Structure formats: C-alpha cells, structure tokens
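Note that the structure is a prediction, hence the values are computed from the model and not measured.
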Amino acid sequence: NIFLKHFTASSNGDNSYFKLLYRLMVELWKTFGVQQKIEILESKIRTYFLRWIEIANQRKKEKYPEASKIFIIIDGIDKFCNHDSGREEPPDWLPMQYPNGVLVI
C-alpha cells in the first residue's frame, strides 16, 4: 500500500485546502511520475485533482504492482479556513468519489 498523509496542525499555520491539494499533487508527481502540468489556479487545481488521482492509480499498477491501494490521509480537515473571511472552509473541494484502489481518510 502507498500512503500520502497531511497533518493540518503541522503545516506551518497555513490551513488552506488549495495548498493541501497542491502538495498532494506534488507527491503524486514524485511518487508516480504523473506527467501533467500542476495547475496553480484554485478553480483548475480543484478540477484536476481527481484526474491526477486517476492517473496515479493507473501508474500504481505499472510502477508498484505489489501495492494494492493508495491511501490519502488528511488529518484536521475541520481546520481549513477561508483566508478572506477566516471562517471554516467546508470540505466541498474534496471529490465525492474515487477510483477503485484509492481510499481517502
């Protein structure tokens, strides 16, 4: 199994979901060699995040055939704040469905 982890309390005080998604995409790029451009616009990173997971899941089968699942672990999801308002950010930025073999906790 392959584990990608994010602990909000240890992220130097920047609790934006955008930075989390960007960091996870960098980890997917490093781990699975995803050859897509990493978008830095909020609307695009939200759109492409699931596509990157799908590509990584396919690459997992090629690069790590012994690995059965990709686990994405996000601790402190309730700590994400909107930078403009300072209010808690609802987790609507997370996709609702993932490919078989990918689990988000």
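Using a 4.5 Å cut-off between side-chain heavy atoms of Ile, Leu, Val, Met, Phe, Trp and Tyr, with links allowed through other members, Val104 and Val34 fall into the same hydrophobic cluster. In the hydrophobic clustering of ILVMFWY residues, with side-chain heavy atoms under 4.5 Å counting as a link, Leu24 and Leu41 come out apart. If you chain together hydrophobic residues whose side chains sit under 4.5 Å apart, Leu4 and Val26 fall into the same group.
By the salt bridge (Lys or Arg N to Asp or Glu O under 4.0 Å) test, Lys30 pairs with Glu27, sequence neighbours left out. In this structure, Phe49 has no ring-ring contact (aromatic ring centres under 6.0 Å, His included) partners at least two apart in sequence or on a different chain. Applying the ring-ring contact (aromatic ring centres under 6.0 Å, His included) criterion to Tyr64, with sequence neighbours excluded, gives Phe32.
When the shell of 6.0 Å around CH2 of Trp93 is examined, it contains more than 12 heavy atoms from other residues, nucleotides or ligands.
For Gln35 (side chain) and Gly33 (main-chain N/O), a donor-acceptor pair under 3.5 Å exists by modelled atom type.
Across Asn100 and Asn57, no two heavy atoms sit closer than the pair O-ND2, 2.9 Å. Closest approach of Met25 and Ile45 over heavy atoms only: SD-CG1, 3.3 Å. When all heavy atoms of Gln36 and Ile55 are compared, the closest pair comes out as CG-CD1, 3.6 Å.
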I'd like a table of donor-acceptor pairs (distance under 3.5 Å, sequence neighbours excluded) in which one partner is a side-chain atom from residues 65-74, with atom names and distances.
from  : atom 1 : to   : atom 2 : distance (Å)
Ser68 : OG     : Asn1 : OD1    : 2.6

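A salt bridge (charged side-chain N to carboxylate O under 4.0 Å, His left out) check over residues 43-61, counting only residues at least two apart or in different chains, returns the pairs Arg46-Asp92, Arg51-Glu54.
Using a 4.5 Å heavy-atom threshold, the side chains of Ile40 and Tyr22 count as touching.
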